[in-house]
Amino acid sequence: MNAITRQELAELDAPLVSFSLNGREVQGRTTETLLQVAKREGVEIPHLCFKEGLEAVGNCRSCMVEINGERVLAPSCCRAPTAGMKVVTDSERAVASQKLVLELLLSDMPEKDYTRNNEVDQWAAKIGVGKPRFEARQQVRQDLSHPAIAVNLDACIQCTRCLRACRDEQVNDVIGLAFRGDQAKIVFDMDDAMGASTCVACGECVQACPTGALMPAREAALTVPDKQVESVCPYCGVGCQLTYNVKDDKILFVEGRDGPSNHGRLCVKGRYGFDYAHHPHRLTQPLIRREGVPKTGDFTMDPDRVMDVFREASWEEALEFAGGKLAAIRDTHGKKSLAGFGSAKGSNEEAYLFQKLVRTGFGSNNVDHCTRLCHASSVVALLEGIGSGAVSNPVMDVTKADVVVVIGANPTVNHPVAATWIKNAIKNGTKLVVLDPRRSDLTRMAHRHLQFKPDTDVPMLNAMMNVIVTEGLVDQDFIDSRTIGYEELRKNVEGYTPELMAPICGIDADTLRYVARLYATSKGSMILWGMGVSQHVHGTDNARCLIALALMTGQIGRPGTGLHPLRGQNNVQGASDAGLIPMMLPDYQHVSSPTVRASFEKAWKVPEGSLDDTPGLTVVEVMHAIKKGGIRGMYVQGENPAMSDPDANHAREALAALDHLVVQDIFLTETAYLADVILPASAFPEKDGSFTNTDRLVQMGRKAINPPGDARQDLWIITQIANRMGCGWHYNHVSEVFDEMRHTMPSIGGITWDRLEREHSVTYPCMKEGDPGQSVVFVDSFPRESGRAKFVPADIIPAAERPDTDYPMVLITGRQLEHWHTGSMTRRATVLDAIEPDPVALVHPLDLAALGGKPGDVVTIASRRGEVALYARADESSPRGAVFVPFCYYEAAINKLTNAALDPFAKIPEFKYCAIRVTLGGVAPVQDSYGGGQALENSVALAGI
């Protein structure tokens, strides 16, 4: 069941009244408008400024109706029904008014159509408005300065739908209505060109515009699609539902759909990051490394140089070589000589089959994926403390919370649509507390921003717990009835007074006390966190502290409370659920349990005792094992460890040292370039499958287009490799894989494929068919042995590497709004790469000035593991002494610098902290024809649009 906001609850509680609509008795709620009731009753009233989800303003006056014979007509979008009211929508006066407004607006419409769906034209045709009698106003020059959005103000009717979408829905506050009278117009920031404004290209204004005054910069949206396909976004974990508009097997444009996580909203990636699927770099034929070509040299995407390294092969030859060599290594060097990396970009079914292949075909638990690099510490702490690695409440619950804490996360960049719900909640009275060494866009709306020193999460959080304990703000009834281990934690935090911790974490004692009291005493407090919490050697301890805060105050198990680690990739939750981790079988059933292994051996029809009983190696451990000769062969599906792993030079050396590397992907990634055989796979919109978002929503992704050339479906490829390793699998359709999953994973046991097809999304846990699913969990108990949650104390563990005289600054890595993960998809998306084409380092302006540099200069960043050169961007989001760099740029691969030191519990690397030196100058990074850096029109032509 989907979460219901406070506003929606109020609307449902509003009383029903009876009134007359065109002489017929109808009912409506006092929170509805006459226009909404009329629409529900099948009565059409022209309207332009009104749009569901936006505040009603009544400024276009096209929806005028007569009420009780009043002398003045009333806008139906702004009037609510009252008992006994008499409303007439089709009287002579009302229709004359409607027609006059539409005629006036029609007279100003330009000769050129910017959209197929001009609502002025549509309503004029419906109510019979003829050719306008009035002169058109002076035409306005078109603004094409933005790569994503064309501004055609000659078609603007000043309905302000764009303004309200920007201000009230997305809360980006870019669009305004300026000047007066006939000089009034829509402006961006201080009447800047769109391309020079602070617009983040979410496209909400485009989706809201009724006339094409704001439209996609390309004219693809004017083309009539052959079909529309309902699916989900392939990027972050929010799981926005969208619609692909397709013609001639190409995606023309994307629209937001009313899904439970987004309600029609999208971000720049979801709306404009689709044409990577049509990029000429797509792999279309299996490739085998030419004999004698070493796995050395710089990565290239130049077609001629690539074909000097690889040769084309048939599928039969490629599969025999890939699977046959893996089987030979297993049989010669033992079951633990192989490893597999699956993908959080792929479907649940792909993740499930991939881990099943590793466990039954390879014979070990050496399987992992990118969760090891993002939220492994969160999952370890959550499983330990509350018995489940998933979130307790959906993101949308922020609209029910009184206090929202965001720590170590930048939702406006990494989870933009989720950020809009946080901003909406703030505007409705929720207090936001941001705890982060960096200053994100959310801090402009925060009630408090605690900009603590990097690497001091535990002392700060322990100080807050000290306040809650010593001031008696704990929920003792909750602690006594639903937890264990509190006394140990209470004693541990005794020494962490705010006065002692203030100089360590950089937050004064009074502020620590205020925030602790605020969190503990509110009716509903919710914590959301990201990789700024998890990607440390003390990441598990950071998460343990957050769990303890929620438990000691009873802020969990109710709407508007809880713990929510924001998932970074579109299916990192589902891939983890499906068992794509080395110590857990599907549904977090530990590999060491004989009962668990026996149940999977029966379900998978493999010999009794054949499943490995010891946890496998994690991502970074696999790289070390390769260098030691323990791992000799690997199968990588959709992951790019040559870019995403810490100390990337070491990772690349390890991958190159393998006897046999099989890579399955849609592009020649940095990892694929080191492969012995490359298998061309299907992109997200080229296959059916289920995906699980950060809210535990299992959603349906649908095939919209066909794979190019001889590229094949991922499930087919995995099955073919498995069968060449003796597995004997037979799956005719993805639904058969899902059905097998749900019979081995109790949490989704009640979700059938037919139900997903019908309902599009279902929340788990959903144990039995027909269950609605649970959006809020841990209401009565926790899924641990005793049913009680466990407090786990944490003490200060410093970063593995501290700044010194040689490396005096700190590097923080992360993502960029326009790009995602290692950039293999988004940097081949025309609009996204046009907005952010070059690798940048975000340096504090004072640090940049101290270097003698200016914005746009090349700087070289060096650590003990390597160096990269990239462009400096003056940015105050990071404190002095800290530099932030996105890890999506292959020509400035920042993970060459990061530290591979691991959290001892979760084995997650310390991406968020390493010592660096920054110097002015260096060799400017070169793109090597990545595709994204080409001229915009060039990329459009290449994509065939």
Side-chain angles (χ1 to χ4, degrees), residues 21-24 33-52 54 56-67 69-79 87-142 150-162 177 181-186 206-215 219 221-225:
L21 178 64
N22 292 346
R24 183 161 53 92
T33 67
L34 295 176
L35 182 63
Q36 289 171 311
V37 177
K39 184 177 181 180
R40 188 170 65 244
E41 294 294 329
V43 176
E44 284 196 321
I45 305 174
H47 58 277
L48 294 166
C49 68
F50 178 84
K51 185 176 184 292
E52 289 287 353
L54 298 179
V57 293
N59 62 8
C60 77
R61 276 352 204 205
S62 64
C63 68
M64 305 299 276
V65 296
E66 277 197 89
I67 299 176
E70 292 177 1
R71 184 170 60 86
V72 179
L73 297 170
S76 58
C77 70
C78 290
R79 286 289 288 268
V87 180
V88 181
T89 70
D90 55 2
S91 69
E92 185 177 344
R93 290 178 66 215
V95 171
S97 175
Q98 296 164 7
K99 284 186 172 182
L100 180 60
V101 169
L102 284 163
E103 184 183 2
L104 286 164
L105 293 174
L106 202 59
S107 69
D108 278 341
M109 284 295 104
E111 293 182 7
K112 178 181 179 181
D113 289 326
Y114 298 112
T115 174
R116 293 180 294 106
N117 302 304
N118 189 319
E119 294 178 29
V120 174
D121 291 340
Q122 291 170 352
W123 281 116
K126 280 184 180 180
I127 66 172
V129 176
K131 186 176 180 180
R133 297 165 289 171
F134 312 106
E135 285 188 18
R137 61 181 169 172
Q138 185 177 359
Q139 295 299 295
V140 184
R141 186 176 179 183
Q142 194 176 33
V151 182
N152 313 299
L153 290 186
D154 54 346
C156 179
I157 59 173
Q158 296 178 14
C159 64
T160 70
R161 273 162 55 167
C162 62
L177 183 65
D182 63 353
Q183 298 300 307
K185 69 170 185 173
I186 290 293
V206 173
Q207 188 158 292
C209 180
T211 65
L214 295 170
M215 281 295 287
E219 295 190 354
L222 286 171
T223 306
V224 180

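This one's a predicted model, so the numbers in the text were calculated from it and none came from an experiment.
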Subject >> Considering all heavy atoms, the nearest Ala124-Leu106 contact >> reply: CB-CD2, 4.0 Å
**OP:** To the nearest 0.5 angstrom, please state how far the CH2 atom of Trp123 sits from the CG atom of Leu102.
**Re:** 9.0 Å
Original post:
Would you say the side-chain atoms of Arg79 pair up with the backbone N or O of Leu34, donor to acceptor, closer than 3.5 Å?
Top reply: no
**OP:** Could you check if a side-chain atom of His47 sits within less than 4.5 angstrom of a side-chain atom of Lys39, using non-hydrogen atoms only?
**Re:** no
**OP:** Indicate whether the side chain of Gln98 and that of Ser62 have a donor and an acceptor atom separated by less than 3.5 Å.
**Re:** no
Original post:
Would a distance-only check, ignoring hydrogens and angles, find a side-chain to backbone donor-acceptor pair under 3.5 Å from Ser107 to Leu104?
Top reply: yes
Original post:
What's the spacing between Cys77 SG and Asn59 CG if we round to 0.5 Å?
Top reply: 8.0 Å
Original post:
Just by distance, do the side chain of Asp113 and the backbone of Thr115 share a donor-acceptor pair under 3.5 Å?
Top reply: no
**OP:** Can you see which heavy atom on Ala213 is nearest to which on Cys209, and at what distance?
**Re:** N-SG, 3.3 Å
Original post:
Taking atom OG1 of Thr33 and atom CZ of Phe50, what is their separation to the nearest 0.5 Å?
Top reply: 4.5 Å
Original post:
Do the side chains of Gln142 and Asp154 get nearer than 4.5 Å, heavy atoms only?
Top reply: no
**OP:** Identify the heavy atoms of Cys159 and Cys49 that sit nearest to each other, and give their distance.
**Re:** O-CB, 3.6 Å
Original post:
Are any non-hydrogen side-chain atoms of Cys63 and Pro46 less than 4.5 angstrom apart?
Top reply: no
Subject >> Asn118 vs Met109, side chain to side chain contact (heavy atoms under 4.5 Å, CB included): CA-CA, chis, key distance, verdict >> reply: CA-CA 10 Å; Asn118 189 319; Met109 284 295 104; 3.4 Å; yes
**OP:** Indicate yes or no: at least one non-hydrogen side-chain atom of Val95 is less than 4.5 angstrom from one of Ile127.
**Re:** no
Subject >> Shortest non-hydrogen contact between Lys51 and Gln207, atoms and distance >> reply: CE-O, 4.0 Å
**OP:** Let me see the working for Arg24 and Glu41 under salt bridge (charged side-chain N to carboxylate O under 4.0 Å, His left out), right down to the final yes or no.
**Re:** CA-CA 10 Å; Arg24 183 161 53 92; Glu41 294 294 329; 3.1 Å; yes
Original post:
Roughly how far apart are Leu54 CG and Cys162 SG, rounded to 0.5 Å?
Top reply: 10.0 Å
Original post:
Are any of the side-chain nitrogens in Glu119 or Lys126 under 4.0 Å away from the carboxylate oxygens of its partner?
Top reply: no
**OP:** Dump the intermediate steps for side chain to side chain contact (heavy atoms under 4.5 Å, CB included) on Val65 and Val88, then the final yes or no.
**Re:** CA-CA 6 Å; Val65 296; Val88 181; over 6 Å; no
Original post:
If you round to the nearest 0.5 Å, how far is CD of Gln158 from CG of Leu153?
Top reply: 9.0 Å
Original post:
From Leu214 CG over to Cys156 SG, what is the distance, rounded to the nearest 0.5 angstrom?
Top reply: 7.5 Å
**OP:** Would you name the heavy atoms of Val101 and Cys60 that are closest together and state the gap between them?
**Re:** CG1-O, 3.1 Å
Original post:
Does the Arg93 side chain pair with the main chain of Glu66, one donor and one acceptor, at a distance under 3.5 Å?
Top reply: no
Original post:
Within the distance-only criterion (no hydrogens, no angle test), does the side chain of Asn152 pair as donor or acceptor with the backbone N or O of Gly212 below 3.5 angstrom?
Top reply: yes
Original post:
Do Ile157 and Pro210 come within less than 4.5 Å of each other through their side chains, counting heavy atoms only?
Top reply: yes
Original post:
Nearest heavy-atom pair of Ser97 and Met64: which atoms, and what distance?
Top reply: OG-CG, 3.5 Å
**OP:** For Asn22 and Thr89, test the side chains for any donor-to-acceptor distance below 3.5 angstrom and give the result as yes or no.
**Re:** yes
Original post:
side chain to side chain contact (heavy atoms under 4.5 Å, CB included) between Lys131 and Glu103: does it pass, once the steps are laid out?
Top reply: CA-CA 8 Å; Lys131 186 176 180 180; Glu103 184 183 2; over 6 Å; no
**OP:** Find out whether Gln122 and Asn117 are in side-chain contact, i.e. whether some heavy atom of one side chain is under 4.5 Å from a heavy atom of the other.
**Re:** yes
